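First comes the structure, then the notes that go with it.
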2 protein chains.
Amino acid sequence: MRRSSAQTKAGILAAARERFAADGYERATIRAIAAAAGIDPSMVMRYFGSKDGLFAAAAEFDLRLPDPRDLPRDQVGATLVRHFMHRWEADDALQILLRTGVTNQAAAERLRTVFVTQLTPTIAALTGAAGPLGQAESRAALVASQILGMALCRYVLRLPPAVTMTDDDVVAWLGPTVQRYLTGDAPAT
Amino acid sequence: MRRSSAQTKAGILAAARERFAADGYERATIRAIAAAAGIDPSMVMRYFGSKDGLFAAAAEFDLRLPDPRDLPRDQVGATLVRHFMHRWEADDALQILLRTGVTNQAAAERLRTVFVTQLTPTIAALTGAAGPLGQAESRAALVASQILGMALCRYVLRLPPAVTMTDDDVVAWLGPTVQRYLTGDAPAT
DNA sequence: AGTCTATGTCAACGGTTGTTGACCTGGTCC
DNA sequence: GGACCAGGTCAACAACCGTTGACATAGACT
């Protein structure tokens, strides 16, 4: 055979990740993705069924959060921030979800489930059995707001000061914030 | 005359804001906007020249930041968070920019200039002449990351715990964060 | 050799989009 | 009344999109 189906499938997926991450869902066209993969557009349909199917495959991913019980309790915030930054830069899928979750319903749902279902148990494990689960959910949302916000400014909007900052700067500034969202006392309201 | 040009122009603008805020730039079609305004699509072209022109008009807006020198220094964080939340809910333009700035180059540029040029001087006024301007820019980016991140989770992604939280909850949690980004000592890196 | 299958190309479809230009129409002014 | 004009409609355009089905071809198997 000239090429294995797995090879071209992987090639399409790689090209799709690049285009989705750069252009978002609507502006990334199947024709452009196929061209980047050096293949006919109809091959994309053959392997992934539809544009939605291709997107679902391209946006597949895992936060790979570490177990917080393995970490010194007072450094869990900084560690988590650093972990996320590595994850952002290693895997396009997070940028894809962020860029498309804003207009695409399915991507928004994916982002929601990823952050709620993967972050909440991590936090629940940290706070222990004490405290209601609802608190863990709120804390997860707060952490997500800061983490996603920085990713938005740094990788998507490319806000100059956010881009210029070193990774260490970001960890030093955001670490205490996330630490407080995770382990700090709930403020009286 | 059956209708004044200013009236229909305003009608188109209102419909455009709604569609752009709900669907983003690409999925909001001129035809849908025109239909919502009860008008022919070609009228949109007559009044705004092109879709880009219409978008530019619809995304016009101002943060209307208060002068921080009028506030108690230790409450400037909480005040700013509350101000932003009111601003989000009163004016569609911020949601438009957030939803479209992710794929539309012009919208991203607008968001950048809005946050950098309106937030940075406010912060510089707060920290006084002391400290380099670069610090004010970094602090502005940090504030933007937390504010935009919460807006993203709450209004765009509709992450359930972020939506459920009351305004007071958000202010109580984010206030200290923003306060530290504004007035806290720069961490040693 | 001849068949079969996986891999791939090609041309076309129906639909939607931004945009354009020709045309209509109700009110205003001479 | 008739010319004029701002406000509005209509049909069509070229381009692009996702998607489809008919067709080609290189290699594996009998």
Side-chain angles (χ1 to χ4, degrees), chain A residues 1-59 96 99-107 110, chain B residues 1-59 96 99-107 110:
Chain A
M1 296 290 161
R2 325 165 230 196
R3 232 187 323 191
S4 83
S5 86
Q7 270 179 327
T8 53
K9 201 168 169 178
I12 293 172
L13 213 51
R17 286 219 171 86
E18 206 166 324
R19 302 317 304 160
F20 279 135
D23 295 337
Y25 184 81
E26 352 273 348
R27 301 185 50 174
T29 74
I30 286 196
R31 284 173 155 92
I33 291 168
I39 226 74
D40 190 87
S42 60
M43 286 277 90
V44 177
M45 309 305 292
R46 168 121 62 198
Y47 287 131
F48 296 95
S50 69
K51 188 179 183 180
D52 277 322
L54 174 63
F55 177 78
I96 294 177
R99 227 179 256 271
T100 58
V102 167
T103 48
N104 186 286
Q105 195 56 34
R110 177 80 60 93
Chain B
M1 293 291 161
R2 325 166 230 199
R3 231 184 330 187
S4 83
S5 87
Q7 270 179 327
T8 52
K9 201 168 169 178
I12 294 172
L13 213 50
R17 285 219 172 86
E18 207 166 323
R19 302 317 303 160
F20 279 136
D23 295 337
Y25 184 81
E26 352 273 346
R27 302 185 48 175
T29 76
I30 286 195
R31 283 174 158 90
I33 291 168
I39 227 74
D40 191 86
S42 60
M43 286 277 90
V44 178
M45 309 305 293
R46 168 123 62 198
Y47 288 131
F48 296 95
S50 69
K51 188 178 183 180
D52 277 322
L54 174 62
F55 177 78
I96 294 177
R99 226 179 257 273
T100 59
V102 167
T103 48
N104 186 286
Q105 194 57 35
R110 177 80 60 92

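Lettering follows sequence order; numbering is per chain, from 1. What you see is a predicted model, and the numbers here were worked out from it, not measured in a lab.
- No option in A:Thr103, A:Asp52, A:Asn104, A:Thr100 other than A:Asp52 meets the side chain to side chain donor-acceptor pair (under 3.5 Å) test with A:Tyr25.
- Taking every side-chain heavy atom of A:Met43 into account, C:dG8 is the closest of D:dC17, C:dT19, C:dG8.
- No more than 12 heavy atoms of other residues, nucleotides or ligands lie within 6.0 Å of CZ in B:Arg19, so this atom counts as exposed by the packing criterion.
- One atom, CZ of B:Arg46, and another, P of C:dT20, lie 13 Å apart when rounded to the nearest Å.
- Distance A:Ile33 CD1 to D:dT19 P: 11 Å, rounded to the nearest Å.
- Side-chain proximity of B:Asp40 to the nucleotides D:dG8, D:dC10, C:dT20 is greatest for D:dC10.
- In this structure, the CD1 atom of A:Ile30 is 12 Å from the C1' atom of D:dT20, given to the nearest Å.
- Comparing atom distances between the B:Thr8 side chain and each of D:dT19, C:dT7, D:dG8 picks out D:dG8 as nearest.
- Of all nucleotides listed (D:dC17, D:dG8, C:dT19), D:dC17 comes nearest to the side chain of A:Thr29.
- In this structure, the CE atom of B:Met45 is 13 Å from the C1' atom of D:dC13, given to the nearest Å.
- Nearest heavy-atom pair, A:Phe48 versus A:Lys9, reported as atom, atom and distance to 0.1 Å: CZ-CG, 3.6 Å.
- In this structure, the CZ atom of B:Arg27 is 13 Å from the P atom of D:dG18, given to the nearest Å.
- Across all strands, A:Tyr47 comes closer than 4.0 Å only to sugar-phosphate atoms, never to a base (heavy-atom distances).
- The nearest whole Å value for the distance from the CD atom in B:Glu26 to the P atom in D:dC17 is 12 Å.
- Under 3.5 Å, the side chains of A:Asp40 and A:Ser42 contain a donor-acceptor pair of N or O atoms.
- Within the 4.0 Å cut-off from OP1 or OP2 of C:dG8, not a single side-chain nitrogen or oxygen of A:Ser42 is found.
- Look at CZ on B:Phe48: it is 15 Å from P on C:dG18, rounded to the nearest Å.
- The environment of B:Glu26 atom CD is dense: over 12 non-hydrogen atoms of other residues, nucleotides or ligands sit within 6.0 angstrom.
- Checking A:Pro41 against B:Ile39, the closest nucleotide of DNA chain D that is more toward the 5' end is the one next to B:Ile39.
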